[in-house]
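Below is one structure, written out as structure tokens, with a few remarks after it.
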Amino acid sequence: MLPDVPAIDKTFDYLVPEQLGDQVRVGTMVRVELHGRRVGAWVVADGVEPPPGVALRPIAKVTGWGPPEPLIDLARWAAWRWCGRTASFLGTASPDHAVPGLPRPTRSGGGPAVVVSPVPDDHDELIRLAFTRDRSVLRLPPAADSYPVALAAARLGNALVLAPSVSAARHLGPRLRRAGVDVAILPREWAAARVGSVCVGSRAAAWAPMADVAAVVVLDEHDEVYQEERAPTWHARDVVIERARRAGVPCVLVSPTPSLEAIQWADGALLTPSRATEREGWPIVDLVDRRREEPGRAGLYSERFVKAMREAPGTVVCVLNRKGRSRLLACARCGEATRCEHCSSSMAQSDDGRLVCRSCGTARPVVCQACGATTLKNLRVGVTRAREELEALAREPVVEVTGDTSAQSLPPARIYVGTEAVLHQVPSAALVAFLDIDQELLAPRYRAAEQAMALLVRGARLTGDGRRGDGRLLVQTRLPHHEVLQAALLADPGRAADAEWERRRFLRFPPVTALAAVGSVAAPAFIDALGHPAGVEVMGPSDDRWLVRAPDHRILCDALAAVTRPPGRLRVEVDPLRI
DNA sequence: CGGACAAGCTGA
DNA sequence: CAGCTTGTCCGG
């Protein structure tokens with residue numbers, strides 16, 4: 001019995017009353033008296049020998065079905081891997097409402113669920129190959145439909161298919177259903193999933209309750225939504241990788257731009273289509289080098305952009321991310337953006353006037369690394385002003401879209417401008433323009449390059465107004481040779497990954513190493529108790545957080561698990577997104 | 001988490 | 001020293 005009380009990470013023994021015997025198994029959710037009150041709990045073992053001298057109380061009530069035994073073990077593993085509590089993972093693996101009984105299976109067990117003929121697709125052979133191995137990373141371009149991958153998994157039996165959003169899952173589920181696949185769409189259809197069927201869902205569906213999983217697929221594996229923001233900061237990709245490994249079934253990660261974590265995990269098993277096929281799945285990319293413009297034109301809009309916007313045959317989406325506080329500095333003479341000579345992050349001007357790298361701390365005097373000039377200028381414009389300026393340039397209405405605009409009430413227009421949110425809310429476009437991608441490329445976050453690449457992929461998906469390969473992606477930059485932009489231009493994400501791998505090696509950032517951030521009031525006590533185990537490096541504190549680094553997760557998580565949790569608020573983020 | 005109980009503080 | 005607050009411990 002493991003109580004569903006966040007502060008108690010300990011199991012207790014209870015008696016199972018005779019008349020409840022047939023309802024209680026490992027995973028069952030029950031209510032028990034604990035220390036004078038009733039709490040929810042999971043049965044995590046049965047037939048145990050109680051410690052001597054303890055008077056056992058009976059279980060008070062059976063709530064209903066819970067996760068199957070393999071998920072209880074997986075939750076224990078996740079508690080170690082992300083330094084969290086087993087109960088918080090079991091909560092994710094459990095139904096929202098009590099499930100007193102399960103529906104009857106819709107088909108008589110065994111055998112694959114699919115009855116339809118295969119869907120012909122350019123990527124058929126790659127997909128077939130992916131499922132012949134334990135692990136593969138399948139790099140399919142932005143325009144590729146991932147449905148055939150899900151269908152191929154479903155052919156193997158009770159497959160688990162993760163999509164980055166609930167709406168993507170709700171789109172994919174019925175498609176599989178129309179092909180004759182027995183599908184449970186999570187989180188709504190928990191009971192059907194528990195009985196056993198192909199399960200489709202987003203992050204939390206990594207904990208889909210089928211007892212036997214036949215194959216695992218993660219679509220758009222690079223998407224950061226797969227990681228939980230609150231501690232424990234578990235990652236759905238890593239949970240299903242472990243789940244597939246334990247079950248001994250194939251795990252296929254699909255993405256136009258696989259993460260370094262995925263590439264490292266696949267250990268060379270990266271499947272890509274031919275260069276020609278991959279190029280076909282990317283839009284035409286126009287890189288506009290903003291350094292080459294006449295000095296008077298300091299605004300956000302290059303001549304090429306204005307021309308493309310006016311001449312676009314359909315919807316135009318302009319992206320201007322002004323989130324984050326980072327100021328971007330550029331040379332007043334040649335327009336080159338200031339960046340660190342070691343790690344390529346952007347540099348900020350410190351109080352003493354020197355340039356300091358936000359990422360690795362390298363400092364240098366104010367001097368342009370390209371032309372030697374010593375005068376810099378500040379680049380910044382917000383979305384609201386950009387809308388007014390665009391309207392004046394376009395001589396037609398321009399609609400502003402930000403995180404707090406709702407997709408339903410979006411006024412019809414040909415031209416939209418907004419933050420990243422505009423890429424979620426406008427369904428398709430003939431032209432997607434990134435007005436200032438440098439802000440993303442040089443953001444002081446160690447995953448900035450991968451995040452910028454993900455943004456370009458989102459943009460690429462919008463282009464073409466539905467017609468494949470018809471769209472244009474226009475990118476304004478002062479860093480036209482940046483690997484991320486070259487990767488998009490050449491439809492070759494491997495270029496960005498290779499360069500990023502080198503950078504991570506230099507900085508010793510994940511996935512080259514394993515990191516955890518420790519913060520909040522109890523952090524000093526935690527760090528004190530952690531000490532200095534072999535192979536583990538403790539850095540900080542900075543911004544009231546310590547960083548703990550180890551060569552790999554086994555060493556890191558073992559070291560963290562050996563610490564008895566001090567009282568008080570403590571936040572341990574394993575694999576922090578921001579450091 | 002939240003109840004139990006112990007130790008510390010206050011006012012008559 | 002009752003009555004109350006604050007802190008620490010522990011749960012079957």
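In the text below, chain A, chain B and the rest are named by the order of the sequence lines, each starting its count at 1.
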TODO: Specify the separation, in whole Å, of atom CZ of Arg38(A) and atom C1' of dC1(B).
DONE: 18 Å
Open item on the list: Reading DNA chain C in the 5' to 3' direction, which nucleotide is the first one with an atom under 4.0 Å from a heavy atom of chain A, and which is the last?
Closed with: dG11(C) to dG12(C)
Open item on the list: Students often mix this up, so state it plainly: with edges at 30° and 60°, are the rings of Phe89(A) and Trp234(A) parallel, tilted or perpendicular?
Closed with: perpendicular
Open item on the list: For Arg177(A), is there an ion pair with Glu189(A) - N to carboxylate O distance below 4.0 angstrom?
Closed with: yes
Task: For atom CD of Glu33(A) and atom P of dG2(B), their distance in whole Å - done: 16 Å
- [ ] Examine distances only and state if a side-chain atom of Asp543(A) and a backbone atom of Arg545(A) form a donor-acceptor pair shorter than 3.5 Å.
- [x] no
Open item on the list: So does Ala449(A) get a backbone contact from the side chain of Glu500(A), meaning a donor-acceptor N/O pair under 3.5 Å?
Closed with: no
- [ ] Answer yes or no: is there an ion pair linking Arg81(A) with Asp575(A), defined by an N-O contact shorter than 4.0 Å?
- [x] yes
Task: Contact list for DNA chain B against residues 7-21 of chain A - heavy-atom distance below 4.0 Å - done: Ala7(A)
Open item on the list: In this structure, is the centre-to-centre distance between the rings of Trp207(A) and Trp190(A) below 6.0 Å?
Closed with: no
Task: Between dA4(B) (P) and His35(A) (NE2): distance, integer Å - done: 7 Å
Open item on the list: For Tyr226(A), does the six-membered ring have the charged nitrogen or CZ of Arg203(A) within the cation-pi criterion, i.e. under 6.0 angstrom from the centroid and within 45° of the normal?
Closed with: no
Open item on the list: Main chain of Arg508(A), side chain of Arg549(A): is a donor-acceptor contact present, judged purely on distance under 3.5 Å?
Closed with: yes
